[in-house]
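Inspection log for the structure reproduced underneath, given as structure tokens.
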Amino acid sequence: MVIWSNAEVGVFFALIGMIILKIWTVWHVANKSKATKEGRLIFVWGITGLTAFAVAAKSFISYQMGI
């Protein structure tokens, strides 16, 4: 079981906020530039994939440091 410190919990919530802002920003810019649906989805899925990788890496590192 991974036990996160208060600092790590704060970083996690900041990360969640950044993810939401990042996805909203890409979607907003795509709408303003009149991008196609496929173009919007490419950007959103690319950012989502990179973000999922970063969250998984953070969890893995926390787990390894807890052993």
Side-chain angles (χ1 to χ4, degrees):
M1 180 173 151
V2 177
I3 299 173
W4 288 6
S5 68
N6 290 338
E8 287 178 318
V9 171
V11 168
F12 181 76
F13 284 119
L15 178 70
I16 296 298
M18 289 180 353
I19 292 168
I20 292 168
L21 178 65
K22 193 181 338 180
I23 291 173
W24 177 82
T25 302
V26 168
W27 195 260
H28 181 71
V29 169
N31 282 338
K32 288 291 184 182
S33 67
K34 300 193 188 310
T36 64
K37 182 178 179 181
E38 293 83 12
R40 279 183 252 163
L41 289 177
I42 289 170
F43 283 118
V44 170
W45 281 112
I47 287 174
T48 303
L50 291 172
T51 303
F53 174 77
V55 170
K58 198 266 186 251
S59 298
F60 177 73
I61 291 169
S62 293
Y63 173 75
Q64 290 297 323
M65 290 180 70
I67 292 180

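Atoms considered below: every heavy atom in the structure, side chains included; atoms not considered: hydrogens, waters and symmetry mates.
F13 pairs with exactly one of L15, V11, V9 by the side-chain contact (heavy atoms from CB on, under 4.5 Å) rule, that one being V9.
Summarising the geometry, atom CD1 belonging to I42 is positioned 7.0 Å from atom OG1 belonging to T36; distances are rounded to the nearest 0.5 Å. Taking CD1 from I16 and OG1 from T51, the interatomic distance works out to 9.5 Å, rounded to the nearest 0.5 Å.
Follow the hydrophobic side-chain contacts under 4.5 Å out from M18 and you reach F12 in the same cluster.
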